[in-house]
There are 2 protein chains.
Amino acid sequence: MKKKPSARRPITSTAEFARYVGLARTTVSRVLNRQPGLKSNTIERVQRAMDETGFTPNAYAVHLKGKSTSTIGICMEDLLTPTAVKKLSALQRLLRSRHYTSLIEVLEPGQSQRLVRHFLSMRVEGIVFIGHFPPEELAQRIAELNGHGTPHVVIDHVGIPNAHSVTLDRAGGMVDVVNHLVARGHRSFGLLGISAWLHGKLGRMHGIIQALAAHRLPFAQCTRSLDHLHKRENDFEFGRTLAASFATLKDRPTAYLALNDAIAIGTMHGLQAAGLDIPGEAAVTGFNNQEICAMTRPTLTSVDQQIEETIRVGAEVLLGQIGQPPRSKPILRTIEPKLVIRQSSDFQLG
Amino acid sequence: MKKKPSARRPITSTAEFARYVGLARTTVSRVLNRQPGLKSNTIERVQRAMDETGFTPNAYAVHLKGKSTSTIGICMEDLLTPTAVKKLSALQRLLRSRHYTSLIEVLEPGQSQRLVRHFLSMRVEGIVFIGHFPPEELAQRIAELNGHGTPHVVIDHVGIPNAHSVTLDRAGGMVDVVNHLVARGHRSFGLLGISAWLHGKLGRMHGIIQALAAHRLPFAQCTRSLDHLHKRENDFEFGRTLAASFATLKDRPTAYLALNDAIAIGTMHGLQAAGLDIPGEAAVTGFNNQEICAMTRPTLTSVDQQIEETIRVGAEVLLGQIGQPPRSKPILRTIEPKLVIRQSSDFQLG
DNA sequence: GACACGTGAGGACACGTGTCCGCGTCAAGT
DNA sequence: ACTTGACGCGGACACGTGTCCTCACGTGTC
């Protein structure tokens, strides 16, 4: 005999609930808000009634009354790339531990204004942007938020004027990669999906150039890119076809630096399909250090994004703005990535 | 010279905003709610002022006034497994297209009551559960929701009494797998992480038994499991160590059926490390058909979960309850998965 | 018996919005 | 000049809550 929780219309206001308990509405309200000066007997009565009826105060009325919403808006580029989702997951967990609720929305192109308005109408106390967005659009939103004095932080998206941001030092990561490969005897490098225009000083290309220069290796002769030959999708298939093209070259590079892990894995497939041994005849490196890197044959050397650290700092930047006067200078924080060496590059040439 | 959007304190009420525009509050309200009988000139003035000030009506006050919240609560087991996130992504997109906002929360064990209360206090119009939860806990929440008459749907989690649910027919998927492997000449099967108690009639084991029986193959002699030898984590490493153990067997199976893709990939690694050719000497199949299946060597045969379809049906079940009288019988819908044959099993045994 | 004290009742107000209603204003049509 | 709409104004109320206030009741103390 289970106690049926009264399949009746649920109680929707403290007034109604107070009648059910047999107390005054104000008394119930004081119990719910843990005010002092109440008999423990009364408190228990209310508790019991809440369990019986499942009554919950209307959050809309509570916050209307002026209580802060403790809500953070999170704007995502999408929910399909593993790294984006990992960031989201880490961020939500962290916010929850600080007693913030998160409002998660995926931004469809051109809808950013509508989305930010939605967040503002929900009176969020701050907004986080995760992923890559059309820069002009994002810049406009940031300008609006600065106008309102709404706290915000942009994760890993450089070049937005006046935006508070946390960015991964991809250049630093590539410096580590190049140093590692040079130490293993490599002198010629294939670049897969890596272009100069991305991320400026913090971009991958900048790091590669810097590191090669430090080893007195001439960039133009040491590196080769075939990106223009194939449809650029930054995915597995892109890497595979690129590798097939590289394999036909007479003096092909001995090391391959990919924009991300999917391209790197595609590259390994392509090279292996052409009969090349990895890492014996060609080294391959990825970027992002997804779980998948440990599941390939050979396992893939990659650069870890330090997601936890990025999010930790991002939350710090965001929450630090709440309740403070708006800053005149944007906050810019940089995260150092970490090279994880695995089989795909761990072979001494010569 | 950019127009600075007035770094002043933002406007927070229609009254204040109406003073800014030079109209009556009620007139502004009628513009915002698209009521008829307004000069287009007036509408434009309000529009322009909204762009200038970025004013947004307080959602808490709007919904307090009785307007429905158009919000759906989504309760996730976690945000780290790719399939869970894919479901979330598909669901949120679908809900958005129907003009619902989603409230996404990750359930920490033991916090389900608090979480559901949070949803209810936000006056959601329905709740979706995605992932695997402690069954008793979930059952209790469902009972409460039924008590309130709050619409809900449980995605892919069988055995919750009185829950409206959408479930993948894993048994059917395994029937397809077994039929495929038998057609390729296999007669002995290694089971990796697959147990009988999961999901009952819709569970994998049930399908395997059924399919073998149809081929007049005696289950006990045809199948083998070594799950008890290793720490069960349902991940890559579990598969790898299992495979290592299988490799030492004298009369080892020729086909390996894994609970999921990660175990299957681990299994391939383990078998390959022992010198076995896949699919020449051993066939391997996964479950879930994640992207990664196309990136392994050899590519992995797997069973596709039909996530889009699952979510479509789930949303249909949920939204169908809104505004309707509560049902006495729970809705149970089943989704048929789809076998995707790739290299790892596509070999005709001699 | 007077008093203080602890506890709860009940009234009042504010929060921002949507909506209804009566009233003014202004221009166009008769 | 008068009527008729069209349009906007401003007052009023309700939504559910938190908080403050005053008042009443009961118990224990001096």
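Just so it is clear, the model here is predicted, and its values are computed rather than measured. Convention: sequence-line order gives letters A, B, ...; per-chain numbering from 1.
- Comparing dT19(C), dT17(C), dG16(D) against the side chain of N58(B) picks out dT17(C) as the nearest.
- A heavy atom closer than 4.0 Å to some atom of DNA chain D occurs in R25(A), T26(A), S29(A), these being the qualifying members of residues 17-29 of chain A.
- Closest non-hydrogen pair, N162(A) versus I142(A), comes out as O-CG2, 3.7 Å.
- By the 30° and 60° cut-offs, the orientation of the rings of F17(B) relative to Y20(B) is parallel.
- The main-chain N or O of V317(A) is found under 3.5 Å from a side-chain atom of Q321(A) such that the two form a donor-acceptor pair.
- Here the side chain of L64(A) is nearest to one of dG16(D), dG18(C), dT7(C), namely dG16(D).
- At distances below 3.5 Å, not a single donor-acceptor pair connects side-chain atoms of D156(A) with backbone N or O atoms of T167(A).
- Counting non-hydrogen atoms under 4.0 angstrom, K39(A) reaches the backbone sugars and phosphates but no base.
- By the 6.0 Å contact criterion, CD on E308(B) is open, its count of non-hydrogen atoms from other residues, nucleotides or ligands being 12 or less.
- Aromatic ring pairs are classed by plane angle as parallel below 30°, tilted from 30° to 60° and perpendicular above 60°; the pair H63(B) and Y60(A) is perpendicular.
- Looking only at side-chain heavy atoms (C-beta outward), R333(A) and H164(A) stay at 4.5 Å or farther from each other.
- Within residues 114-127 of chain B, no residue has any heavy atom closer than 4.0 Å to DNA chain C.
- No option in E144(A), E137(A), Q140(A) other than E137(A) meets the side-chain hydrogen bond (donor to acceptor under 3.5 Å, both in side chains) test with S112(A).
- Of the residues near DNA chain C, G37(A) and S13(B), the one whose nearest nucleotide (by heavy atom distance) lies more toward the 5' end is G37(A).
- T53(B) places a side-chain N or O within donor-acceptor distance of the main-chain N or O of A49(B), the cut-off being under 3.5 Å.
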Next item on the list: Using a 3.5 Å limit on both pairing distances, list the dot-bracket string of DNA chain D from the 5' end; Watson-Crick and G-U wobble pairs count, crossing pairs take [ ], interstrand pairs take |.
Entry: ||||||||||||||||||||||||||||||
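- For F55(A), the side-chain atoms get nearest to dT17(D) when compared with the rest of dC15(D), dT17(D), dT19(C).
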